[in-house]
Structures are given as structure tokens and as C-alpha cells.
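Below, read A as the first sequence line, B as the second, and so on, with proteins coming before strands; counting in each chain starts at 1.
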There are 4 protein chains.
Amino acid sequence: MRADARDNRERILTAAEQVFGRSTAASTDDVAKLAGVGIATVFRHFPTKVELLEAVLTLRLQRLRDTARELAGAGDPGTAFYEFFSQVVAEAGSKLAIAEALGAAGSAPGEHARQAGLEMRQAFGELLARAQRSGAVRADAQFAEVYALLVGASRGATATGLDLEVRDRMLAVLYDGLRPRR
Amino acid sequence: MRADARDNRERILTAAEQVFGRSTAASTDDVAKLAGVGIATVFRHFPTKVELLEAVLTLRLQRLRDTARELAGAGDPGTAFYEFFSQVVAEAGSKLAIAEALGAAGSAPGEHARQAGLEMRQAFGELLARAQRSGAVRADAQFAEVYALLVGASRGATATGLDLEVRDRMLAVLYDGLRPRR
Amino acid sequence: MRADARDNRERILTAAEQVFGRSTAASTDDVAKLAGVGIATVFRHFPTKVELLEAVLTLRLQRLRDTARELAGAGDPGTAFYEFFSQVVAEAGSKLAIAEALGAAGSAPGEHARQAGLEMRQAFGELLARAQRSGAVRADAQFAEVYALLVGASRGATATGLDLEVRDRMLAVLYDGLRPRR
Amino acid sequence: MRADARDNRERILTAAEQVFGRSTAASTDDVAKLAGVGIATVFRHFPTKVELLEAVLTLRLQRLRDTARELAGAGDPGTAFYEFFSQVVAEAGSKLAIAEALGAAGSAPGEHARQAGLEMRQAFGELLARAQRSGAVRADAQFAEVYALLVGASRGATATGLDLEVRDRMLAVLYDGLRPRR
DNA sequence: TATGAATGAGCGTTCATTCAT
DNA sequence: TATGAATGAACGCTCATTCAT
């Protein structure tokens, strides 16, 4: 039965990610319906709606953290940094609420999410530091504003629709600003 | 009696701007209370909650449009452009939901808001065009990505808290990206 | 409209008295249905279920207090005391939950009910004191145990069904205990 | 395996007595947790919650019956009667819900409980008859009102808090009523 | 026209009971 | 047989909207 339960937990999380991706105001019932389980099952796995939201958020932040760590482990520092940046913005564009997750990473939504947010920010900070040391990102840029740009670009990409060319041109401008001044 | 009605409309709109600025999830009752009118009066002026939200949005977009037009009418084109950009981001930081309004300007929230959004974007486009002609903004940047950057910067400033220094450094990076390449 | 509202409030209270008289575990919906109003109307008048229960309780305690005061104002002290005692027990028998109200009178169910309970107990205390002074009730009985007997008799009458003759014989035994020893 | 099952049954009953003694509104889950078994095990032994409640009630009534029988078998009839009366009231005060059990004994809660209630009442009737024959209780008191007084005193003791001195004085008054008139 | 009372659909959550292991 | 997961009906409560004054 543990296998069943784990299965259901996964399905609920997946459903929640989709549903809350569309709108944070969605109801727990919607999640249950999409997951194909009864509503009480959702509450068995996540005792309150807030905890469910937090679990989704945590998952996203962990995925981002993992991606950052993978990229940090290998390859050219500059490529790794810009690659991660673009990837985050791209996913935000298609998944809508990931940007909200990024924004929430700094605030206070429960211990797990806070921890995951912290780790993600640390991994991104590492990426940035290495890119700066290698000369791919201007040395005078501090973490705070680079992170703000990451969040902003994600939201900007989401908000204005998903034209891929526009998004790439937006990033091109942004990256020009991030590269060292000659 | 028409003066009375217009008065009430104003007060409701002002109250709504404040209330929804704090939280989009606020209730219509809260608006009525802050405006000092009965709830039925709110619904007489704005038959649905969506229409009330739209009216607030429209108001904000019109203000932005007016600001853009004023700046376009006088002074150095580059200064006008960057001034407007900074001002929008600053207000987004303090008023929280204006970014949502900006984002929504492109989508489909009723005729009035769409119209106001269009006019605001045209006024901002004018500002951009003049700044490009004067050499203050790179010529190869198209409206779409610059607008996306405006929206993104507003949201980024809102999401990550309102540290003024960080916000300014973020904008400095962004403006470096927007200036012509040497 | 105030007349309408007051009317509804009355009807809700009456319905609640009946419904909760049968079972404290009854739902707020049941009250609304019996009162013939929508459920939101119940909550408009009594913001929480506890407040509704408290209002019913307060009403009952006030009625009891008024009865005690009326009886204290006129007639033979002994008659007044035993009359009140019998009346309370009789009503408890027919209305079931009034005994619970009596029991709760000493505990802590909100300010209004506590106040009403206090006043009722004071009025009953007055009745007792006068009866003792007149020699109709033994002088060595203290308020606490007499009140406990009142509560107990009410509950006993309720619990064992409502046979009137049994109830009267039960009270006769009890009154024999309360009268001065020869 | 039958020994296991009987063991579990006992533990569940013990847990249920404790849990429902504290609050009738307690959940079946609470019982299972305190008993240290899964919830399904509770339902295997007691197919519905009502049946579980009835089993607890039956147990209590049987204990009362046994006490009455023991007291009837030996010693002074008057002492036995008043001893039993006081003991029931004392336990009601400390165990809260036993009064409800007593009250329910007359009503219609399933065959087992009805039978146990009947037997308890018969044993108490025996106690009463012997006390009356010995002159310790007035001869004109009939079973019905004496039983009502037992129930009432139990509830009264429970409801008004458990001050031991008050309880004893209350019983003293009551016993004065029950003793033969000189 | 302005008001506040009334409404019911919907929300988050709990719980007795059933099912699958 | 014992378990814990799954279920859906029900609860207390809120809110956008309508009605009656």
C-alpha cells in the first residue's frame, strides 16, 4: 500500500503543479479532480492547502537548485551561467507560476520551501561567482540585483506572452548589460 | 444628484485602488467600507467585481499614459525615456499591483482597459522611438522586448522586496544593456 | 428593513432553541432551514456557531432570571421558592437542553451568557434566602448544594422520561429533604 | 490468534472509555491511536461508532450492576443502599459520562446495553427494597423516583463541578428526604 | 438613488466507513 | 487478521451578487 500511497502523492503533486501553475486561487477540489483522487486523499497527504502549495513550491525550487548544481559542476563558467538564466526564464514562460516561486524563494513560506529557496539561491550564487571570475559577467554586479533580474526576466517573459523571438531579444539586451564593460 | 453619484464613484475607485493594491484577494465589502458607502452602491457603479478591477486598472494605465505623454512633450529624449522607465519601476515597487496591471494590459480585460493599455504602450513607444533617434537607446532594440523589460523590471523590483539601492543597481545593469553598443 | 431583520433574528433564535434543544450537535443548516432563511442569514446575525449557541443560552437564562425575580417580588417566600424549583424542572423536562443551560450557567461560555447566568443565580439565591428566613427551607442548606439539586433534578427529570407523577414524587422526596428538620 | 483479537478488543474498549469519557465528540481515530491499533481494527471489532459507544456503555452498566450485587449480598441494607448511591454519584463526578450512561439505560441504545441497564436497575431495585424493609429508606418511595434521583444527583454532581464538600452536603439533603418521616 | 439584509454556491477541512494489501 | 490509505458527505464559514425599503 505504501507504493500506492507514494503514487498518489506524486499524482497529487503533479496535478497541483499544473493547477496552481494556472492560478494560485484554484481550489483544492480542482487538484483532486485532476489527480483523479478523492478530496480527502489530498488532505491526507497535505493536511492544509498551504502545505500543498508549499510542497509544490519546494519541488520547483529543488529542481532549479539541481539544475544549477549540475551546470556548476561542468563546462565553461560563462556558458553555465547564461544557460541557467535562459533556462529558468524559458520554463517560467511555459509554466507561468515558476516565477512566483522564484519570488517567494526569499520570503517566508514554511521551513522546507525556505530551505530549498536558500539552496537554490546559493547554487545560483556559485554560478554567478564563477562566471564573474572567468570574466563572463561584469565583476561589479552583486548577487542581489542579478537575482532580481532573473526574477524580473522570468515574470516579464510570462506576462507579455510567450513569443520566443522576443524573449531571446529581451535576454540579449539583458546579457549585454551583464557582460563586462569594455 | 449626478454630482453625488460622481463623487461616490471617485471615492469607490480610490478605495478600490488602495484595497486591491494591498491584496488582489480583498473583498468588495472591504472596498465599500473604506469608501464609506454601502456595498450595493459599489455594485450600482460597477455591476461586477471584474468591472471594478478593470476600472482601477484603466485608471492606472491612463495615469501612466499621461506621464509618458508629458515626458515626451518636453526635454531630452534619453532623459525622458529612462526617467519614465525608472518611475514606472519605482511605483511598481511601492504600489505592488501596478505590475499586474502592466502585465494585464496586453491580455483581454475588457474594452476600456484594453484601450487604455494600448494608449499607454503607444505613448511609451513614442518615448522609445525618440530616445533611439537621439542615440540614447540602441537602435536595434524593438518595442516588444523593451516593453517586456519594463514589465519584468517592475515585477522583479516588487517581488524581491524594495531595497532602493539594489533596485537602482538592477536598473543600471539594464540600462547598460539598452544603451548603444560602442 | 430593520423590522425585517429583527423579525429574522427572532425566527432564527426560535429555530435555534428548538433545534439545539433536541441536540447540541445539530448543524447550523438545520437551524436555517427551520427558520426558513438562507444559511448566510444565520451567519450574518450570529457570526459563529458558538455565538448562536450562546445567544440561545443567554435567552434561556434571562427567562429563568425573570421568572425568579417575578416570584421573588410577591407572595409567600416558601411557595415562591418551591414554585420556581418545580417550574424549572418542569420546563427542563419538556425542553430537554435547558438543563444543559443551567449547568453551563456556572462555566465560561462568553460574556453575555455568563452575565445572564450570574443574574439568574443571584435571583435564585434571593428566592432561597427569603425562603430560609421564613422557615420554609432548612437554614443549614447552602446555595451551592441547593443549586446542584436544582440542576440535578432538572437533568434527572429529563433523562428518565417525562412521567409527570414520577417527577412530582421525586420532587416531593427532594422537598422533604429541603424542609427544616423537626 | 483469538487471544490476540480478544486482547485488542479489550484495549480498544479501555481506550474508548477514556476517550469518550473526556468528550463524547471524540473521533474514532483518537480511540485507535490511544489503543495503539489501526483504525480498521477498531471497525473490525465494532462495525459502527454507535456500536462502540454502546459497548462502552454496556461495560459501565455491568460494572455498576456488579457493584450493586456485591453490596446487596452482604452487610447492613441501609448502609449498602446509601453506599451504592454515593459511589455512583462519586464516579459520575470523576468520570463525567457515566451519568449519560445511566440516563441512556432507560432509552433505546441497542440490545446489549438495554439488557445491562435492566440488570443494573434490577440490582439497584433489590438494594432499595431491602433498605426499605429494614427501615433505612421511607417505604412510600417507589423505584421510579428513587432512580430518577440517582440519575439526577449524578448529573448534578457532574454539571456543577466536583467540589467534594458541596457534593456531600447535596447528598445529605437528599438522604434526609429519602429517610422515613418520623 | 443609496442602503444593508438576504442569498446560495463554493471553500477548506473533518470523519465515519470501505477497500486493498 | 491487522493495517493504513481512500472516500464522499457534511460541516462551519465567506463572498459576489440580488432584493426590498
**Report entry** Minimum-distance nucleotide to R44(A) side chain [options: dT13(E), dC15(E), dA6(F)]
**Finding:** dA6(F)
Report task. Starting at atom NZ of K33(D), determine the distance to atom C1' of dT14(E), rounded to an integer number of angstrom. Result -> 12 Å
Report summary line: d(E54(A) CD, L59(A) CG) to nearest 0.5 Å is 12.0 Å
**Report entry** Of the listed nucleotides dA16(E), dT21(E), dT17(F), the one nearest the side chain of T48(B)
**Finding:** dT17(F)
Report task. Name the closest nucleotide to the A5(D) side chain, picking from dA5(F), dA2(F), dT13(E). Result -> dA2(F)
Report task. Starting from the 5' end of DNA chain E, give me the residue, P47(D) or V37(B), whose nearest nucleotide shows up first. Result -> V37(B)
Query raised in the report: Starting at CZ of R6(D) and ending at P of dA2(F), how long is that distance when rounded to a whole Å?
Result: 13 Å
Report summary line: By nearest-heavy-atom nucleotide on DNA chain F, the more 5' of A40(D) and A40(C) is A40(D)
Query raised in the report: Is any side-chain nitrogen or oxygen of N8(C) closer than 4.0 Å to OP1 or OP2 of dA5(E)?
Result: no
Query raised in the report: Can Q115(B) and E119(B) be counted as having a side-chain donor-acceptor contact under 3.5 angstrom?
Result: yes
Query raised in the report: Does a side chain donor of either E17(D) or T14(D) reach within less than 3.5 Å of an acceptor in the other side chain?
Result: no
Query raised in the report: To the nearest Å, how far apart are D7(A) CG and dA20(E) P?
Result: 16 Å
Report task. Can you spot which of V19(D), T48(D), V42(D) makes a side chain to side chain contact (heavy atoms under 4.5 Å, CB included) with T28(D)? Result -> V42(D)
Requested in this report: Compare every heavy atom of T58(B) with every heavy atom of A116(B), then report the nearest pair and how far apart it is.
Outcome: CB-CG2, 3.8 Å
Query raised in the report: Which pair of non-hydrogen atoms, one from K49(A) and one from F43(A), has the smallest distance, and what is that distance?
Result: N-CE2, 4.3 Å
Query raised in the report: Can you tell me how far C1' of dT17(F) sits from CG of L52(B), to the nearest Å?
Result: 13 Å
Query raised in the report: Of A26(C) and A26(B), whose nearest nucleotide on DNA chain F comes first from the 5' end?
Result: A26(C)
**Report entry** Nearest to side-chain heavy atoms of S27(D), which nucleotide of dA9(F), dC11(E), dC15(E)
**Finding:** dC15(E)
Query - Atom pair distance, as rounded to whole Å: CZ in F43(B) and C1' in dT17(F) - result: 5 Å
**Report entry** dC15(F) - base-pair partner by Watson-Crick or wobble geometry, distances under 3.5 Å
**Finding:** dG8(E)
Query raised in the report: Just to confirm, is there a sub-4.0 Å distance from OP1 or OP2 of dA6(E) to any side-chain nitrogen or oxygen of H45(C)?
Result: yes
Query raised in the report: Can a side chain N or O of T41(C) be found less than 4.0 Å away from OP1 or OP2 on dA5(E)?
Result: no
Query raised in the report: Considering Watson-Crick and G-U wobble pairs with both distances under 3.5 Å, what does dT21(F) pair with?
Result: dA2(E)
**Report entry** Spacing of R11(C) atom CZ relative to dT7(E) atom P, expressed in whole Å
**Finding:** 9 Å
Query - Value in whole Å for how far the P atom of dA9(F) lies from CG of D29(A) - result: 12 Å
Query - Nearest to side-chain heavy atoms of I39(B), which nucleotide of dT17(F), dT14(F), dA2(E) - result: dT17(F)
Query - D4(C) CG - dA20(F) P separation (whole Å) - result: 10 Å
Query raised in the report: With a non-hydrogen cut-off below 4.0 angstrom, is T28(C) in contact with a base, only sugar-phosphate, or nothing?
Result: sugar-phosphate
